[in-house]
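Written below as structure tokens is the structure these notes are about.
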Amino acid sequence: MDWKSIKTGLQDQFADKIQRWHEHNTRRIYLDIDAEMLEPVVTYLFNTLQSRFIIASAVDKPNNMMEIIYHFDFLHLPQVLSLRVVLSKDRLEIESIAPIIVGAEWIEREIHELFGITFKNHPNPVHLLLPDDWPEGNYPLRRDQ
Amino acid sequence: MSTIIPIGPYHPLQEEPEFFRLHVEGEKVVHLDIELGYNHRGIEKLAESKSWDQVVFLVERICGICSTSHPAAAINCMEDLGAIVAPERAQYIRAIICELERIHSHLLWVGLAGHFLGYNTVWMWSWKYREIVCDVLEKVTGNRQSYAMFKAGGVRRDLDQDDIPWIMESMDKMKPVVDLFRGAVMDDPVLHARLKGVGCLSAEDAINYAVVGPTARASGIRIDVRKDDPYFAYPWVDFDIVVYEEGDVYSKAMCRIDELYQSVSIIEQCLKKMKPGPIDLNIKELPPGEGIGRAEAPRGEVFHYTLSDGSNFPARYKVRAPSYTNILSNEKAVIGETVADAALILAAVDPCYCCTERLTVIDEENNKSVLGQADLLKLSQAKTETLMKRLSL
Amino acid sequence: MMDTINILIFPGLIFTIILALFVAWVDRKVTARVQWRVGPPLLQPLFDFTKLMGKETMIPGQATAWLFYAAPIMALTGALVFSFTLWNANLYPDNSMVGDLIVVVYLAMIPSVAFMLGGLVSGSPHSVLGASREIKLLLGDELIIVMALMVVIIQSGGSIKLGAILDYQRTYGAVAWSPSGMIALILAILAMQAKLALVPFDMSEAETEIMGGTLVAYSGPLLAFFKLTQWIMRAMLPLLLVHCFWGGIIFSSWVSILAGLGKLLVFWVIMILIRNTNPRVRIDQALKFFTVWGGCLGVLAMILAMLGY
Amino acid sequence: MAKTLYIDLEKCRDCKSCHAECSYFYHPFNDGITYLREVAEFTLTCRQCEAAPCIEVCPTDALERQDDGIIRRWNIRCVACNSCSYACPFGTILPELIGYAVSRCDFCHARLNHKDAPVCVDKCTLGAISYGEYEVNEEKNIYRISDHLLVHAISWNKKVLF
Amino acid sequence: MSLKIQALTRSIWVYHLATGSCNNCDIEILDCITPRFDLERFGIQLVGSPCHADALLVTGNMTTKNIPRVKAVYEQVPKPNVIIAIGTCALDHGMFDGSYTSRVKVDDILPVDFYVPGCPPKPEGMIAAVAKLIAQLRQ
Ligand code: SF4
Ligand code: SF4
Ligand code: SF4
Ligand code: SF4
Ligand code: SF4
Ligand code: SF4
Ligand code: SF4
Ligand code: SF4
């Protein structure tokens with residue numbers, strides 16, 4: 001599978017759902033999508049395009065926003081595709097992708113404890129890194145604390 | 001009733017504390033719980049209060065074994081952010097350091113794996129030969145670990161042209177060593193029986209758990225950042241990706257040993273191709289924006305993501321170490337194996353070995369440990385012995 | 001007077017301890033050399049021992065205190081008496097008071113039992129487990145030792161006197177040179193290895209193995225006693241083999257004394273080499289090995305011995 | 001007309017220590033005003049010497065003259081040794097402005113949407129910062145530094161004065 | 001100088017305790033017992049149980065999650081003993097100063113006797129430290 005067909009595949013499949021397609025350079029591609037679209041896009045990426053999940057990075061953003069960036073790559077291709085999902089801090093909730101990709105389980109737990117984002121339908125939503133008696137509502141990587 | 005075997009969090013040979021809970025029924029492992037966080041130092045947060053230069057030093061201290069792969073990913077990340085291309089000589093030097101580290105790390109693994117199988121002598125021997133690499137690193141970078149060589153846009157120290165013959169010589173010394181260890185693993189029927197077919201991770205699971213590095217390559221997945229997303233001097237040198245199909249512990253071991261040859265050859269090629277020239281661009285600033293950096297650590301792909309606001313401190317720094325995904329995959333690999341093998345399987349992904357060194361069986365009812373780490377170690381070593389017996393008698 | 005010297009200096013307390021410390025050093029030195037290391041200085045075991053004597057003793061909360069104290073003392077006493085008996089048998093083979101094989105075998109068992117006891121009462125789950133394994137192991141290796149010694153007894157005309165065994169060998173040559181004796185010796189070496197907790201249960205110096213062993217909760221002087229017991233047994237069990245299979249040490253001339261010590265050295269080296277070149281055995285495997293293979297060979301050796309081979 | 005930030009550098013000169021707080025989002029220790037003052041000083045009061053001692057003395061080549069003649073400090077290279085401020089014969093580089101952590105100011109744009117004044121305005125002890133609609137006026141020594149910043153300072157460049 | 005101390009200085013058994021380190025210090029400690037450096041020459045050896053230890057080597061920057069465990073281990077070490085903090089982390093958090101997971105230093109929790117700075121200290125450095133330690137104990 002080459003990058004061109006991946007690109008056309010994605011664009012055909014989710015033409016109007018992709019809010020922004022940004023190529024930082026030929027190897028680093030950022031895609032902005034709606035939170036509701038995450039599940040179908042990830043399913044498509046993982047099952048149809050056979051991408052490999054790398055990790056998700058959450059970023060606390062100004063203006064009451066929180067971002068989760070899901071990074072994917074493809075076997076034998078240099079491209080890293082990053083799906084960006086923006087959440088409002090008033091409703092920090094997103095569908096878990098761990099049911100689709102097992103490898104996402106830990107990072108979602110980690111994001112949950114460090115940023116306070118809730119992952120719906122996560123198979124095992126408990127603390128990963130912090131002690132179990134870590135105060136509720138204290139999210140160390142958030143900037144408002 | 002299933003018994004719980006906690007692994008951790010302290011043991012003499014261990015490095016950092018982590019905690020596994022093996023649920024066992026009889027001899028079979030039925031479930032694995034992993035508890036992390038004893039080592040959680042909040043590096044991602046700390047990175048936000050360090051300047052770009054300091055971030056390189058900080059990520060170097062994520063882990064001492066991979067102490068150059070994190071900086072490698074970090075500078076890849078910064079160079080991606082600032083669209084910087086470091087000078088050629090710097091790229092060669094970087095590749096050399098990375099490969100030296102791979103040799104040292106793989107030898108370290110071989111030694112500790114030997115220890116785990118009951119061959120303490122192997123441990124001592126491989127660490128003895130590891131000193132060759134440490135010497136080279138000390139001469140080139142000034143330190144045996146934590147080399148502080150990399151910076152965005154170049155390297156901090158040049159490699160002395162006069163040292164090259166000596167480094168070449170050291171690399172020549174490495175080859176018979178690798179032959180020795182390869183021969184030991186290949187020809188030893190006990191090891192075959194002990195390692196083959198144990199702890200298999202299928203290619204499908206490898207993708208599912210997003211494993212990387214030798215753990216993935218041993219399952220037949222041909223991924224290697226050095227080839228897929230070339231960085232440093234890797235596009236200019238010739239090397240192969242070592243792939244084994246079975247996904248068992250034997251494949252993982254062979255994968256690592258074969259990579260030693262590749263690393264030695266890459267270093268030699270780099271030393272030959274290197275020309276005198278500038279080693280640093282002395283960059284001025286990093287623009288606002290995002291950057292992604294990847295590097296192939298001895299244990300697999302290291303991934304860094306950063307967000308810059310244009311100041312000299314990152315606004316967000318995300319690190320994904322290879323063990324992060326590899327350790328989780330144990331959840332799959334150990335199921336259905338015996339306790340004696342479990343320790344070995346956990347160790348096979350090279351999760352900074354230590355993680356596997358802390359086992360105690362806990363009786364679920366009164367939560368008292370009844371089987372210690374040493375016993376598991378013994379179980380593991382005993383199995384080798386049994387096999388030896390079966391094969392030789 | 002002679003008796004006091006006998007008991008306290010030679011071949012009793014002091015001599016035994018010195019020999020034990022020496023063997024402990026040889027063990028560590030050879031191990032180090034095999035691993036490309038320099039190894040500890042000659043007096044290292046002595047320093048270790050003295051240091052432990054000066055340390056605080058911690059009694060684990062769950063331990064049965066008096067048994068916790070008694071076990072190491074019992075172990076050490078057992079080992080000392082064992083060693084004393086053996087040396088006396090070699091020194092004065094004609095003295096009928098020196099005891100017989102059955103006594104010696106029982107004496108050799110005392111330290112193992114004490115180890116077990118210490119492990120069981122210290123309350124630490126690790127040591128309890130270690131102890132329970134040692135019990136199992138004891139069943140296995142004791143059987144083999146008894147069978148091997150049976151061969152000796154049969155060969156030397158049914159006598160269980162230590163002196164008689166030596167006499168026989170001095171007249172007809174060492175037991176080990178006969179086919180049945182050889183088999184018995186090999187079995188005995190393996191069993192000895194197990195008894196010394198060297199191959200299957202290395203509770204010795206190796207740092208990783210101590211955790212989970214019977215000694216895990218011991219500290220200070222009590223640990224020192226246990227260590228010393230271990231060293232004494234390591235030095236002296238080979239003497240039992242020399243005595244039973246190789247004609248013992250003859251104290252008639254310097255040459256024969258040296259030759260005797262040479263025999264002892266051979267066994268020490270065999271012991272250390274086995275220890276260094278082999279991985280460890282799992283408990284049930286060891287048991288199976290001892291009961292099935294060891295048992296068969298033992299029976300075979302006994303039959304051969306009865307047939308006069 | 002859009003609202004901009006306005007800094008009276010002349011007032012700042014009398015100030016013993018800066019108490020202006022900054023609500024910049026990404027770094028808790030960020031001090032946007034310092035950064036703005038640094039840029040303003042370099043733009044307006046620096047004499048832009050031909051053989052600039054500050055550039056000469058900088059051990060890490062962190063100072064560089066831009067095409068428009070204005071000196072700029074590159075944030076990755078600078079190690080905050082303060083040599084430049086001692087070398088400057090006119091005292092225009094204030095040591096307290098040359099910090100190791102280079103701060104940013106985003107003029108609190110996105111967050112406040114031009115409705116309220118940024119926190120630095122309220123926290124400045126001498127009232128040197130304000131937020132509103134200002135006009136460039138060379139007569140009154142008000143200069144534009146960037147789209148969102150106007151500064152009042154006596155510029156040496158002002159030919160009339162010399 | 002008592003015989004006790006004399007013997008102690010010639011036979012130091014160490015137990016190695018990582019409290020959230022980066023592994024480097026720990027690897028270098030292990031390096032000290034491998035062929036190149038071979039600390040067994042001085043009677044120093046790693047032991048597996050804190051009950052047997054004379055010296056506790058503490059590395060790492062003491063994450064909050066580790067504190068109870070570290071205390072539990074310390075209580076098992078019989079007196080007389082020495083606590084040696086190895087590496088900059090164990091001294092002063094080093095690079096990790098200010099992290100939200102580590103608020104206290106090693107010497108807030110354990111009575112540290114010796115500090116070996118370095119990140120990581122080289123094996124030579126650790127051996128030098130041990131030599132100094134022995135010299136001091138003998139006084
Ligand atoms: S892969 Fe292992 S050695 Fe490397 S940084 Fe991660 S934990 Fe450390
Ligand atoms: S407090 Fe106000 S007047 Fe004082 S230095 Fe800061 S900005 Fe200038
Ligand atoms: S403070 Fe910065 S700019 Fe000034 S001389 Fe030092 S390094 Fe150069
Ligand atoms: S204070 Fe430090 S940097 Fe400055 S001159 Fe002295 S040693 Fe050099
Ligand atoms: S020395 Fe002072 S006045 Fe001259 S260019 Fe440098 S900062 Fe400006
Ligand atoms: S405008 Fe906002 S960002 Fe700029 S200095 Fe003031 S408070 Fe800080
Ligand atoms: S070793 Fe050198 S660079 Fe490191 S802290 Fe000390 S003086 Fe600074
Ligand atoms: S002192 Fe340095 S090398 Fe040692 S654990 Fe800390 S960061 Fe790692």
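Naming convention: chains lettered A, B, ... in sequence-line order (proteins, then strands); numbering from 1 in each chain. Heavy-atom basis, side chains included; hydrogens, waters and symmetry copies ignored.
- Rounded to the nearest 0.5 Å, atoms OH (B:Y129) and OG1 (E:T34) are 13.0 Å apart.
- Looking at E:D31, both its backbone and its side chain come within 4.5 Å of chain B, counting heavy atoms on both sides.
- Summarising the geometry, atom CG belonging to B:N143 is positioned 8.0 Å from atom CG belonging to E:N24; distances are rounded to the nearest 0.5 Å.
- Contacts of residues 104-112 of chain E with chain B at a heavy-atom distance below 4.5 Å are absent; not one residue qualifies.
- For the pair B:K50 and E:M95, the minimum side-chain heavy-atom distance is below 4.5 Å.
- One finds a salt bridge joining E:R36 and B:D135 here, because a Lys/Arg side-chain nitrogen approaches an Asp/Glu carboxylate oxygen to under 4.0 Å.
- Of residues 51-60 of chain B, those residues lying under 4.5 Å from chain E by any heavy-atom pair are B:Q54, B:F57, B:L58.
- Ranked by non-hydrogen atom pairs under 4.5 Å with chain E, the options B:R130, B:K128, B:R144 are led by B:R144.
- Closest approach of E:I27 and B:W127 over heavy atoms only: O-CZ3, 3.9 Å.
- For E:C119, the parts lying under 4.5 angstrom from a heavy atom of chain B are both the backbone and the side chain.
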